[in-house]
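Below: one structure, written as structure tokens.
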Amino acid sequence: MIKAVRGTRDILPPETALWNFVESAVRDVFRAYNFQEIRTPIFEATELFARGVGEETDIVSKEMYTWEDPPKLFEEYKKFYLEFTAAIREGRQGPGRALELSDLAGSQFLTLRPEATAGIVRAYIEHHLEKRGLNKLYLIGPMFRRERPQKGRYRQFYQINAEVIGPPSSGSDSPARDAEILEMLATLLDRLGITDWNLQLNSVGCANDREKFNAALRKALEPVVGTMCADCQRRAVTNPLRVFDCKVPEDQPIIQKLPRISQFLDEPCRKHFEEVQQILKSVGVPFVLNDRLVRGLDYYTRTAFEFTHGALGAQNAVLGGGRYDGLSEALGGPPAPGIGFAIGEDRLVMSLQETAESVLKKPDVYVAPLGAGMNREAARLARELRGQDLIVDLGDENFRLKKSFEAATRAGAKYILIVGENEVKADAFALKNLATGEQVSVPRGELARRIRETAQPLA
RNA sequence: GUGGGAAUAGCUCAACUGGCAGAGCACCGGACUGUGGCUCCGACGGUUGCGGGUUCGAUUCCCGUUUCCCACCCCA
């Protein structure tokens, strides 16, 4: 049997109804904040992510799905190898040279997107969206990372992203935008019925602050790192910021004494962060300051945040984001401050799984043809009813009536409509309410109204 | 990439120290020829994840492998 590949999965009904519920709530809420949808390709030039996300991040250095298109390197290597082995076998001189860079001319490296922001900023630059002033964009779609799967973590997973980006003159760097995004997220989660969320907020400063902070952090770690856990010793070398993620109890007293980014913010960054907090207080969005919150992508500046939720296991971050004021320039574009976030849709759906049944729309009526030739009549009736905006399921004339009833019940239909010879002659059809058992004969022209008026009060 | 657990019918799970692979639910048919849910009866359903080893005999023990789950790492 051919199975879905590791880390990928099929999302089946009725669970898909829950995904649609989430996505339509997202679209409604985002529209209220004047965000508009953007769709970008699922694969991009590898270089985009290398430069945008950062060569040193785990995402780029070990988790991307990358290939060569067309696969010349592989073809050239195969050719070389075959010639080489044939030469040895035949005892003659082998190929004169190994593979060179020029052999790769005409091919490029492509990557399945591991995140959305780089692609959106690429589109912003490519289409000169700075001419439009402030852009408020959102994107829903699959992302790909080659990680070991576990609860809430897949190799193909789905994100809901939103970005506010524009030239500085559009106010894109204003703390008002940070606060607006955070308030929108709080609204969305509440709307979805997720109430026990927790907003963790931090500022990671600008590039300048980070440089000073990193230097101070390295200096502070130097004398103590030898006594810390193996992971911390590794982090201290590769990415000192991540030491703050450590959960080993013995290391906590040491971490407590380390310098914090909050002590290194310059005056503009400090004021910016302060204003974000003041607006959040003003609109009543609760948050917790966490100056140990660091994010894994190189492009983040200033505001960084994470919404967590219990019942998600170890992967408890349901969404995360922050500001990325230098990203556009890093990709060769004009200055374009921005802030955005990514919601892990898989995790979001997981945290409201129990409501799956309640958002599923059931058929209003099951049309049951009865006897030879009745499929034709039933098809006409079903078409009429569907044209009246009813959800209609349709059976088959070969089903015995008992089987039609069972199928209608299983489908969860509110009504069953019997289409037999008697009904066709009279042009009035037996309509039975499957919940109450009440059955009446209804003239063709009144069917839709009859189904709708008694079906509505149930909802 | 590292560690732990698991894999048996469509689903959820049994099967004693190694001895005929089973149950419930679901599905299909019948009781009931144009009236469902309840009930009763019957039928169907398996390369025990895959490959190897030990054994008279392996779902069971051993080795390998794949996948899933959980955690680390990292992130959404």
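What's counted below: heavy atoms across the whole structure, side chains too, no hydrogens, waters or symmetry copies. A note on names: the letters A, B, ... follow the listed sequences, proteins ahead of strands, and every chain is numbered from 1.
Across all strands shown, A342(A) has heavy atoms under 4.0 Å from sugar-phosphate atoms exclusively, and none from any base. At a threshold of 4.0 angstrom between heavy atoms, the contacts of G412(A) with the nucleic acid are absent. At the heavy-atom level, N161(A) lies nowhere under 4.0 Å from the strands shown. Within 4.0 Å of I418(A), counting heavy atoms only, lies at least one base atom of the nucleic acid. Nucleic acid contact class of K62(A) (heavy atoms, under 4.0 Å, all strands): none. Counting any heavy atom pair closer than 4.0 Å across all strands shown, L370(A) reaches a base atom. Among the atoms of the strands shown, only primed sugar atoms or phosphate atoms (P, OP1, OP2) are found under 4.0 Å from some heavy atom of R410(A). Using a 4.0 Å heavy-atom criterion, one finds that G437(A) contacts the bases of the nucleic acid, with or without backbone contacts as well. Residue R148(A) is in base contact, counting any heavy-atom pair closer than 4.0 Å across all strands shown. Heavy atoms of Q439(A) sit under 4.0 angstrom from at least one base atom.
Contact annotation: K151(A) side-chain N/O to rC70(B) OP1/OP2 distance is under 4.0 Å. Between rG34(B) and K432(A), no contact under 4.0 Å exists linking OP1 or OP2 to a side-chain N or O. At rA76(B), none of the side-chain N or O atoms of Q159(A) fall inside 4.0 Å of OP1 or OP2 (strictly under the cut-off).
Nucleotides rU8(B) and rA58(B) are separated by 14 Å at their C1' atoms, to the nearest Å. Separation of the C1' atoms belonging to rU54(B) and rU67(B) is 26 Å when rounded to the nearest angstrom. The same atom, C1', is picked in rC69(B) and in rU55(B); the two are 33 Å apart, to the nearest Å. Taking atom P on both rG24(B) and rA14(B), the two are 16 Å apart, rounded to the nearest angstrom. rG53(B) and rA21(B): their C1' atoms are spaced 23 Å apart (whole Å). rG46(B) and rG5(B): their P atoms are spaced 32 Å apart (whole Å). Nucleotides rG52(B) and rG57(B), compared at atom P, are 16 Å apart to the nearest Å. rU48(B) and rG30(B) have their C1' atoms separated by 33 Å, with the value rounded to a whole Å.
In this structure, the side chain of R302(A) does not engage the main chain of R323(A) through any donor-acceptor pair within 3.5 Å. A donor-acceptor pair under 3.5 Å links the side-chain atoms of D209(A) to the main chain of C206(A), judged by distance alone.
A 3.5 Å limit on both hydrogen-bonding distances identifies rA6(B) as the Watson-Crick or G-U partner of rU67(B). Summarising the base pairing, rC44(B) is matched to no nucleotide, lacking a Watson-Crick or G-U wobble pair whose two defining distances lie under 3.5 Å. The nucleotide rG24(B) finds its pairing partner in rC11(B), both defining distances of the Watson-Crick or G-U wobble pair being shorter than 3.5 Å.
Of the N and O atoms on the side chains of Y366(A) and T409(A), not one donor lies less than 3.5 Å from an acceptor on the other residue. Checking Y65(A) against E63(A) by side-chain atom types alone, no donor-acceptor pair falls below 3.5 Å.
With hydrogens and angles left out, the side chain of R145(A) and the base of rA76(B) share a donor-acceptor pair within 3.5 Å. Between the side chain of K402(A) and the base of rU35(B), no donor-acceptor pair of N or O atoms lies under 3.5 Å. A donor-acceptor contact under 3.5 Å links the side chain of R153(A) to the base of rC73(B).
Here R9(A) pairs with D346(A) in a salt bridge; the nearest charged N to carboxylate O distance falls below 4.0 Å. The existence of a salt bridge linking E446(A) and R450(A) is excluded, since no basic side-chain nitrogen approaches an acidic carboxylate oxygen closer than 4.0 Å. The existence of a salt bridge linking E406(A) and K403(A) is excluded, since no basic side-chain nitrogen approaches an acidic carboxylate oxygen closer than 4.0 Å.
Applying the 5.5 angstrom centroid cut-off and the 30 degree plane-angle cut-off, the aromatic ring of F157(A) is stacked upon the base of rA76(B).
Of the candidates rA71(B), rC75(B), rG34(B), the closest approach to any side-chain atom of Q150(A) belongs to rA71(B). Side-chain proximity of R6(A) to rC68(B), rA71(B), rA76(B): nearest is rC68(B).
Taking the nucleotide of RNA chain B with the nearest heavy atom to each of R146(A) and F405(A), the more 5' of the two is matched to R146(A).
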